[in-house]
Amino acid sequence: QVQLVESGGGSVQAGGSLRLSCAASGRTFSTYAMGWFRQAPGKEREFVGYISGNSRIRTYADSVKGRFTTSRDNAKNTVYLQMNVLRPEDTALYYCAAARVGTSAASVYDYWGQGTQVTVSS
């Protein structure tokens, strides 16, 4: 069982930056790929990016590529999402999730956090 808690969301103006954190419980954190997803009001949940357990593989959605970076610290059981050059269309509830295999498919992820709100104003 893995419990995930996101933090770091907030309100920022367009062009600004935020760093989200996701703290995980359990001693097997390094064996999980960690994904980031987001969901805006009235829209479906959208893949943002994921990072493999050993950080060797990182994949991003085209909409955030070059602006967002995910990293992890397995010693701290924490994964991060650094978001730069934020745009109003990045406004959403952001979730972290854990899966045995990294993928852009939300259905593969076994564990989810409760989400943290990111609001970008123009």
Side-chain angles (χ1 to χ4, degrees):
Q1 191 79 0
V2 177
Q3 292 184 325
L4 303 172
V5 179
E6 301 98 335
S7 61
S11 297
V12 64
Q13 289 192 327
S17 299
L18 283 173
R19 188 176 82 154
L20 306 184
S21 299
C22 172
S25 65
R27 294 180 289 179
T28 60
F29 176 70
S30 64
T31 67
Y32 286 90
M34 297 299 297
W36 289 95
F37 293 80
R38 65 187 183 186
Q39 188 166 20
K43 295 188 176 181
E44 293 186 353
R45 189 169 297 188
E46 176 188 23
F47 169 73
V48 174
Y50 77 80
I51 184 169
S52 63
N54 59 12
S55 301
R56 290 179 182 173
I57 300 172
R58 307 180 203 204
T59 300
Y60 302 96
D62 287 343
S63 58
V64 306
K65 202 172 292 183
R67 300 188 298 122
F68 290 12
T69 302
T70 186
S71 60
R72 64 192 296 162
D73 185 339
N74 287 341
K76 295 182 178 179
N77 277 19
T78 302
V79 62
Y80 305 97
L81 183 67
Q82 178 66 44
M83 305 185 295
N84 298 327
V85 196
L86 282 161
R87 304 167 179 167
E89 54 264 38
D90 294 319
T91 295
L93 189 61
Y94 282 72
Y95 299 89
C96 66
R100 287 299 187 183
V101 178
T103 174
S104 61
S107 60
V108 175
Y109 288 80
D110 300 309
Y111 304 103
W112 292 80
Q114 82 290 348
T116 185
Q117 180 66 39
V118 171
T119 302
V120 184
S121 58
S122 57

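The structure presented is a predicted model; accordingly, all values stated were derived computationally and were not measured.
In this structure, F37 has its ring center closer than 6.0 angstrom to the ring center of F47.
Not one N or O on the side chain of N84 forms a donor-acceptor pair closer than 3.5 Å with the backbone of F68. E6 places no side-chain N or O within donor-acceptor distance of the main-chain N or O of C22, the cut-off being under 3.5 Å. With hydrogens and angles disregarded, no donor-acceptor distance shorter than 3.5 Å links the side chain of T119 to the backbone of S11. R45 places no side-chain N or O within donor-acceptor distance of the main-chain N or O of A40, the cut-off being under 3.5 Å. R72 places a side-chain N or O within 3.5 Å of a backbone atom of F29 that can act as its donor or acceptor partner. Side chain of R19 to main chain of Y80: no donor-acceptor pair is present (N/O by atom type, distance under 3.5 Å, no hydrogens or angles). Although no hydrogens or angles enter the test, the distance criterion places no donor-acceptor pair under 3.5 Å between the side chain of Y32 and the main chain of V2. Side chain of T91 to main chain of V120: a donor-acceptor pair is present (N/O by atom type, distance under 3.5 Å, no hydrogens or angles).
A heavy-atom distance below 4.5 Å is not found between the side chains of Y95 and L4. Looking at heavy atoms from C-beta onward, Q39 lies out of side-chain contact with Y94 at the 4.5 angstrom threshold. Counting heavy atoms from C-beta outward, I57 and Y50 have side chains that approach closer than 4.5 Å. Within the 4.5 Å cutoff, side-chain heavy atoms of V79 are placed close to those of I51. Two residues are said to be in side-chain contact when any heavy atoms from C-beta on lie closer than 4.5 Å; R67 and M83 fail this criterion.
Cluster membership check: M34 shares its hydrophobic cluster with V64, using side-chain heavy-atom separations under 4.5 Å among Ile, Leu, Val, Met, Phe, Trp and Tyr. In the hydrophobic cluster analysis, where Ile, Leu, Val, Met, Phe, Trp and Tyr join through side-chain heavy atoms closer than 4.5 angstrom, W36 is grouped apart from W112. Linking Ile, Leu, Val, Met, Phe, Trp and Tyr whenever their side-chain heavy atoms come within less than 4.5 Å puts L20 and V12 in one cluster.
Note that SG of C96 is 7.5 Å distant from CD of Q114, once rounded to the nearest 0.5 Å. Atom OG of S30 sits about 9.0 Å away from atom CG of N54, to the nearest 0.5 Å.
Around the NZ atom of K65, the shell of radius 6.0 Å holds more than 12 heavy atoms that belong to other residues, nucleotides or ligands. Within a 6.0 Å sphere centred on CD of Q3, other residues, nucleotides and ligands contribute 12 heavy atoms or fewer.
Residues passing the side-chain contact (heavy atoms from CB on, under 4.5 Å) test with V108 are A99, T103, A105, sequence neighbours excluded. Evaluation of the side-chain contact (heavy atoms from CB on, under 4.5 Å) rule for E46 yields R38, S63 as partners, not counting sequence neighbours.
When all heavy atoms of R58 and T69 are compared, the pair lying nearest together is NH1-CG2, 4.3 Å.
Using modelled atom types and a 3.5 Å distance limit, the side chains of R100 and T31 yield a donor-acceptor pair. In this structure, a donor-acceptor pair under 3.5 Å is absent between the side chains of D73 and T78.
Under a 4.0 Å N-O distance rule, the pair D90/R87 does not qualify as a salt bridge.
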